[in-house]
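Input: a single structure, listed below in structure tokens.
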Amino acid sequence: LEPCTLVTLAYGLAEVRELTVRKVTGRAFLLNGGGWIERCRVTDSEIDPEFNGGGVGAYVSYGHVSRCRFDHLSFNANRHQSFLEVRSNNLATTSPKWAFGYMDDCLITGLKGRYNTTVKGTAVSITRDGIDTGGRVRNCTVVGNETAYSLSASEYAGSIVNCIFTGAISVALTDANKLARMSNNCLPQDIGSACVVAADPRLRANGVPWADSPVIGRAAPLAGAENALDLLGNPRLGKDSLQDIGAIEYQPKGFSLYLR
């Protein structure tokens, strides 16, 4: 069989939850007509060199990917492949005319793009289709990847908030209004509004912050955070009411003694 897309969601009420995909050779998930993917994992896959589509882990132009893991995916091909692609979608004659892709609380790690010995590919690509604002990525951790770029954001990328990216990044956002879409991120260089710059975000191998990580308590407050959960199902807001940057919230060890 030729490499193809394994799961396509093209309906607003469609849902896929707690599915693990392995040994995929094309694209794991395509969301181009609505739908929701939550608590899924795509892992242990070598993409066929003949597959020439973007977003081999997930291509999200209309839909929502939440609390998922994408790890140990690879390709060996002479092209600039994206592992995750989040964008807007021009629906032309339908209503609403414009739709958007969203990715929240995801961990992206262990990706490897190459052509023989040359490093290739992008871990997360954020762009648009015929509209001034593209996809949205929030509270994601993108670390430990062997790709040419950890992040590629086109001039019309949507919001990138509370995310961790290590490795080279390519951001084409230029004017102040567009740069304002990037805030409270942990990046290897200072780009955007209120960015937290850290070459080493101080994370464990599984993406959990160490106690001295600069991502702790530095996230921008988001609507609904009081009821939100991180990748592991932990509450986003603890007793300090401060949210962390990235997919996984720091959980203090030990116990507390309250006297009154």
Side-chain angles (χ1 to χ4, degrees), residues 18-25 27-29 37-47 54-60 65-76 80-86 101-114 119-126 135 137-153 160-170 185-189 196 198-210 212-216 218-219 229-234 236 244-251:
E18 300 183 5
L19 174 67
T20 296
V21 177
R22 301 178 186 271
K23 304 300 182 183
V24 63
T25 59
R27 178 186 290 122
F29 293 107
I37 295 175
E38 186 174 26
R39 301 193 305 278
C40 291
R41 184 182 183 188
V42 183
T43 185
D44 189 23
S45 298
E46 172 80 23
I47 307 305
V56 293
Y59 183 98
V60 192
V65 175
S66 176
R67 298 173 58 200
C68 293
R69 299 172 186 257
F70 300 89
D71 63 278
H72 299 95
L73 312 178
S74 62
F75 72 84
N76 189 344
H80 197 68
Q81 185 83 63
S82 63
F83 286 94
L84 284 302
E85 189 155 329
V86 185
Y102 303 100
M103 186 170 70
D104 299 333
D105 303 292
C106 292
L107 175 63
I108 297 99
T109 188
L111 310 182
K112 182 181 289 187
R114 66 194 185 281
V119 178
K120 306 284 280 187
T122 297
V124 177
S125 175
I126 308 172
V137 177
R138 301 193 312 189
N139 285 104
C140 289
T141 298
V142 186
V143 298
N145 301 300
E146 297 179 42
T147 53
Y149 295 102
S150 176
L151 165 68
S152 176
I160 307 167
V161 180
N162 296 345
C163 292
I164 302 171
F165 290 93
T166 61
I169 61 177
S170 174
N185 299 296
C186 189
L187 302 172
Q189 62 194 82
V196 177
D200 181 6
R202 297 286 295 144
L203 306 178
R204 295 179 173 89
N206 59 0
V208 176
W210 290 102
D212 62 347
S213 172
V215 308
I216 296 174
R218 301 295 297 275
L229 301 176
D230 71 359
L231 174 69
L232 303 181
N234 296 314
R236 272 292 180 188
D244 302 341
I245 296 172
I248 302 175
E249 202 78 8
Y250 172 70
Q251 303 296 317

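Start at 1 with the first residue, then count along the sequence. Model, not experiment: these values are computed from the prediction.
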Minimum heavy-atom separation for N145 and G110, please, with both atom names. OD1-N, 3.0 Å
Heavy-atom check, side chain of V56 versus side chain of Q81, under 4.5 Å: yes
Mind checking side chain to side chain contact (heavy atoms under 4.5 Å, CB included) for D71 and listing every partner two or more places apart, or none if nothing turns up? R41, T43, R69, T109
Are K23 and D44 ion-paired here, with the side-chain N under 4.0 Å from a carboxylate O? yes
Which residues share a side chain to side chain contact (heavy atoms under 4.5 Å, CB included) with S82, sequence neighbours left out: E85, S125
Please report the closest heavy-atom contact between I126 and G135, naming both atoms and the distance. CG2-O, 3.5 Å
With the side chain counted from C-beta on, respond yes when T25 and I47 share a heavy-atom pair under 4.5 Å apart, and no when they do not. no
N-O pairing of R236 and D230 below 4.0 Å: no
Which is it for V21 and F29 under the side chain to side chain contact (heavy atoms under 4.5 Å, CB included) test, yes or no, and what are the steps along the way? CA-CA 10 Å; V21 177; F29 293 107; 4.1 Å; yes
Which residues share a ring-ring contact (aromatic ring centres under 6.0 Å, His included) with F83, sequence neighbours left out: F75
With N76 as partner, the option from K120, R114, K112 fulfilling side-chain contact (heavy atoms from CB on, under 4.5 Å) is R114
V86 vs V137 side-chain heavy atoms within contact, under 4.5 Å: yes
Run the side chain to side chain contact (heavy atoms under 4.5 Å, CB included) check on L203 and S213 step by step: do they pass? CA-CA 7 Å; L203 306 178; S213 172; 4.3 Å; yes
Would you check, one step at a time, whether the test side chain to side chain contact (heavy atoms under 4.5 Å, CB included) holds for V65 with C106? CA-CA 8 Å; V65 175; C106 292; 3.9 Å; yes
Determine whether R202 and D212 make a side-chain contact, defined as any pair of heavy atoms from C-beta on separated by less than 4.5 Å. yes
Minimum-distance pair of heavy atoms, taken over all atoms of I169 and S150: CG2-CB, 4.5 Å
Of all heavy-atom pairs between G57 and L73, which one has the smallest distance, and what is that distance? CA-CD1, 4.3 Å
Are F165 and I160 close enough, and set up right, to give a side chain to side chain contact (heavy atoms under 4.5 Å, CB included), and what steps lead you there? CA-CA 11 Å; F165 290 93; I160 307 167; 4.0 Å; yes
If we only count heavy atoms from C-beta on, is the V124 to M103 side-chain gap below 4.5 Å? yes
R67 and side-chain contact (heavy atoms from CB on, under 4.5 Å): which single residue from D104, L232, N139, D105 fits? D105
Kindly give the heavy-atom pair with the smallest separation between V143 and T166, and that separation in Å. CA-OG1, 3.3 Å
Nearest 0.5 Å, please: how far is CG in L84 from CG in L151? 11.5 Å
Counting N and O atoms only, with roles assigned by atom type, does the side chain of N185 sit under 3.5 Å from a partner on the main chain of I164, one being a donor and the other an acceptor? no
Grab the two heavy atoms, one from I216 and one from Y250, that are nearest each other, plus how far apart they are. CD1-CG, 3.6 Å
Contact between E18 and C40 at the side-chain level, heavy atoms closer than 4.5 Å - yes or no? no
